[in-house]
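Below is one structure, written out as structure tokens; the observations come after it.
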Amino acid sequence: MADLQDELHDPPEVHEPPVPRTGPYVPRGGPDPQPQPSAHAEPDPGAGRADPLERAYALLGRCPVADGYSGLPRALRELPWYDLQLGESAVDTDVPRLRRGRVGALFCALHLPEGLASDRALGATLEQLDLARAVVVAHPEGLRLARTAGEVLDARNCGRVAVVLGPATAAALDGSLAVLRVLHSLGLRVLTLAGTSWASEAGLTRFGEEAVREMNRLGVLADLSGASDATIGRALALSRTPVLATRSAARALRPHPDNLPDGLLAELGAAGGVCMVPLAAEQTGPALRDVADHLDHVRAVAGPGSVALSGTYDSGAAHPQGLADASGYPHLIAELLDRGWPEPDLALLTWGNVQRALRTADFTARAAQERKGP
């Protein structure tokens, strides 16, 4: 009982919080918090009652971060030996830093290196998928593979970081829906549509439309970051599940090609999609406040139900000052609290919106498979 009472208190040390033994506290058997968007953006009346960083840790204890993009599998391929459980200085992500950053779920990207021959795409994707699974198996005290929204929640309740496989590059399909089904059977949950002949500047071809429908049937989420405006518009109209933009900030603030213009952000919000703002200096700017500016903008245009976070750690991207590795999320949340973000909107940003997308994809897939029947 004493341990339980200890966990219910806010972290005693703000600047260097203790690493929890089993991850963020969640009541046994308690329901998954599903906060609703605020009706307006008035400052939280409790904002002056505690230091913003203390409040950030308390909030993240209830609703940890679902990090929408990690390049960890590719980064680990370059290392002869590593131990993520004790800590690994050669990468941006390890279990101690994930816990300090209050990360509850991590999407492991299976993207391919630039210039890879198309006939190697599938093999390279399978190699990265196999490596990601092996990393989880090798670190059972900190990581747990999750295929569904329920498994993500179970991992969090057990004090593990849920590892979700994807996004992967759609070029790995090589024009075959059978390959998509095999990748899904191995655990793939997110597929990036950009960079294929069937999701080009002209939009989705007939095969591209069938691929999106099959993704809906399987429960694989579409990632639209880097896709053309025509592809994004058609995918939004066609998909029956929420789509993701796993590495997209606001083009109105920074004209990066992967960032989304306000028109598409509004469409994404109307369709229930999720824009995952990256912690990448090239896309958002060199400072933590620049990232907060993008989050403010996306929330205002797409709505609080359509914004989330994407670390882009271990992907080769430079990161804003103060967000150098996966432990920096509480400082970003503290900045947003200082700006008057209501806690329900922050709970959606960190956890709720991603969990909703996964849960909706699971439900849609089950319904489609039941309708088809044996």
Side-chain angles (χ1 to χ4, degrees), residues 24 26 30-47 52 55-69 101-107 146 149-150 152-153 156-157 162 164 190 221 223-224 236 241-250 260 265-279 284 291-311 329-363:
V26 178
D32 182 30
Q34 293 299 326
Q36 299 300 313
S38 64
H40 50 77
E42 293 296 324
D44 190 326
R55 294 176 60 213
Y57 283 120
L59 184 143
L60 290 172
R62 301 187 300 272
C63 300
V65 171
D67 183 333
Y69 191 97
R102 304 306 197 260
V103 176
L106 189 70
F107 284 66
V152 169
L153 184 59
R156 188 198 70 175
N157 288 350
V164 181
V190 187
L221 293 164
D223 170 25
L224 302 180
L236 286 172
T241 65
V243 300
L244 307 178
T246 61
R247 293 156 295 122
S248 294
L260 298 180
L265 283 174
E267 289 183 38
L268 187 74
V274 182
C275 179
M276 310 177 93
V277 175
L279 310 187
T284 57
V291 177
D293 289 343
H294 282 265
L295 292 169
D296 281 342
H297 189 88
V298 174
R299 171 172 166 259
V301 176
S306 292
V307 59
L309 296 167
S310 178
Y329 284 109
H331 297 277
L332 178 59
I333 300 306
E335 171 67 21
L336 297 176
L337 283 166
D338 236 3
R339 295 183 178 212
W341 277 54
E343 290 196 4
D345 286 9
L346 287 169
L348 289 173
L349 170 75
T350 58
W351 182 261
N353 290 333
V354 173
Q355 184 72 355
R356 170 185 59 81
L358 288 169
R359 192 174 60 251
T360 303
D362 291 342
F363 176 82

Does [X] use its side chain to pair, donor to acceptor, with the backbone of [Y] at less than 3.5 Å?
{"X": "Arg62", "Y": "Ala347", "result": "no"}
{"X": "Asn353", "Y": "Val274", "result": "no"}
{"X": "Asp67", "Y": "Gly311", "result": "yes"}
{"X": "Tyr329", "Y": "Pro64", "result": "no"}
{"X": "His297", "Y": "Ala250", "result": "no"}

Between [X] and [Y], what is the shortest heavy-atom contact and its length?
{"X": "Gly269", "Y": "Ser306", "answer": "CA-OG, 3.4 Å"}
{"X": "Val301", "Y": "Ala266", "answer": "CG1-N, 3.9 Å"}
{"X": "Gln355", "Y": "Leu153", "answer": "NE2-CB, 4.0 Å"}
{"X": "Leu336", "Y": "Ala292", "answer": "CD2-CB, 3.8 Å"}
{"X": "Val65", "Y": "Gly101", "answer": "CG2-O, 4.3 Å"}
{"X": "Pro330", "Y": "Ala56", "answer": "O-CB, 3.4 Å"}

Does the side chain to side chain contact (heavy atoms under 4.5 Å, CB included) test come out yes or no for Trp341 and Leu349, once each step is laid out?
-> CA-CA 10 Å; Trp341 277 54; Leu349 170 75; 4.1 Å; yes
Go through the steps to decide whether Arg339 and Asp293 satisfy the test side chain to side chain contact (heavy atoms under 4.5 Å, CB included), and finish with yes or no.
-> CA-CA 10 Å; Arg339 295 183 178 212; Asp293 289 343; 2.7 Å; yes
May I ask you to test the [X]-[Y] pair for a side-chain heavy-atom distance under 4.5 Å?
{"X": "Arg356", "Y": "Leu348", "answer": "no"}
{"X": "Leu332", "Y": "Leu309", "answer": "yes"}
{"X": "Leu260", "Y": "Val298", "answer": "no"}

Step-by-step side chain to side chain contact (heavy atoms under 4.5 Å, CB included) determination, Ser248 to Cys275 = CA-CA 6 Å; Ser248 294; Cys275 179; 4.2 Å; yes
Could you walk me through whether Asp223 and Tyr69 pass the side-chain hydrogen bond (donor to acceptor under 3.5 Å, both in side chains) test, one step at a time?
-> CA-CA 11 Å; Asp223 170 25; Tyr69 191 97; over 6 Å; no
Between Arg55 and Asp338, is there a side-chain N and carboxylate O pair less than 4.0 Å apart?
-> no
Taking Leu221 as the fixed residue, which of Thr360, Leu358, Val243 is the one that meets the side-chain contact (heavy atoms from CB on, under 4.5 Å) rule?
-> Leu358
Calculate, to the nearest 0.5 Å, the distance between atoms CD1 and CD belonging to Ile333 and Glu343 respectively.
-> 10.5 Å
